[in-house]
Amino acid sequence: MNTLLWTLQIVLALAFGISGTMKLTQHKERLADQMGWVDDFSPSTVKLIGVLELLGAIGLVLPAATGTLVWLTPLAALGLLALMVLAIPVHLRRHESSMVAVNVVVALLAAFIAWQRFGPHAF
């Protein structure tokens, strides 16, 4: 089970790390080609989402890998779960059903990581 959790944590950390970095380094107009939803938000909100994604990605791996402040790993998973839940209405409003499905799957994976890492057998 620990191997599965680490695999999921690394995969989600890579995905959110890349996504967050893109939101922080690219202009909103350029992001709109790949992520149409950014048109609904201010540039500062898009940057904030990028920061949250990047911090969540770091939090999924770094505390558990170093053995320091390991309780931050499930909290990071919960934070990413919250981001995914908040993204669902945005995509529903924009009639982007495929993105809703991605949000649901990622939210479930983050919830699974949080649940397993908060448990009595954690780490």
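Just so you know, residue 1 is the first one in the sequence shown, and it goes up from there.
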Heavy-atom closest pair, residues [X] and [Y]:
{"X": "A111", "Y": "L81", "answer": "CB-CD2, 4.1 Å"}
{"X": "L109", "Y": "L12", "answer": "CB-CD1, 4.0 Å"}
{"X": "F41", "Y": "V90", "answer": "CZ-CG2, 3.7 Å"}
{"X": "F16", "Y": "M84", "answer": "CE2-CE, 3.7 Å"}
{"X": "G59", "Y": "A76", "answer": "C-CB, 3.5 Å"}
{"X": "A57", "Y": "G17", "answer": "CB-N, 3.6 Å"}

TODO: For the pair M35 and M22, evaluate side-chain contact (heavy atoms from CB on, under 4.5 Å) and give the outcome as yes or no after the intermediate values.
DONE: CA-CA 11 Å; M35 305 173 197; M22 285 176 54; 3.6 Å; yes

Return yes if some donor-acceptor pair links the side-chain N/O of [X] with the main-chain N/O of [Y] below 3.5 Å, else return no.
{"X": "Q9", "Y": "V61", "result": "no"}
{"X": "R117", "Y": "W71", "result": "no"}
{"X": "S19", "Y": "A15", "result": "no"}
{"X": "E53", "Y": "G20", "result": "yes"}
{"X": "K23", "Y": "V46", "result": "no"}

message: Using a 6.0 Å cut-off, check whether atom CZ of R30 has over 12 heavy atoms from anything other than its own residue.
response: no

According to a 4.5 Å side-chain heavy-atom criterion applied to Ile, Leu, Val, Met, Phe, Trp and Tyr, with indirect links allowed, do [X] and [Y] form part of one hydrophobic cluster?
{"X": "L92", "Y": "V38", "answer": "no"}
{"X": "L69", "Y": "F118", "answer": "yes"}
{"X": "V106", "Y": "L8", "answer": "yes"}

In V85, L60, L55, L52, the residue satisfying side-chain contact (heavy atoms from CB on, under 4.5 Å) with L80 is L60

Q: Show your working on side-chain contact (heavy atoms from CB on, under 4.5 Å) between W6 and I113 and close with a plain yes or no.
A: CA-CA 9 Å; W6 271 108; I113 291 168; over 6 Å; no

request  = For the pair L5 and M1, evaluate side-chain contact (heavy atoms from CB on, under 4.5 Å) and give the outcome as yes or no after the intermediate values.
outcome  = CA-CA 6 Å; L5 286 170; M1 181 62 79; 4.3 Å; yes

Here the gap from H91 atom NE2 to E96 atom CD, rounded to the nearest 0.5 Å, amounts to 5.5 Å

Between the CG atom in L83 and the CG atom in L78, the distance rounded to the nearest 0.5 Å is 11.5 Å

Discussion item. Between D40 and R93 (salt bridge meaning N to carboxylate O under 4.0 Å), is one present in this structure?
Written reply: yes

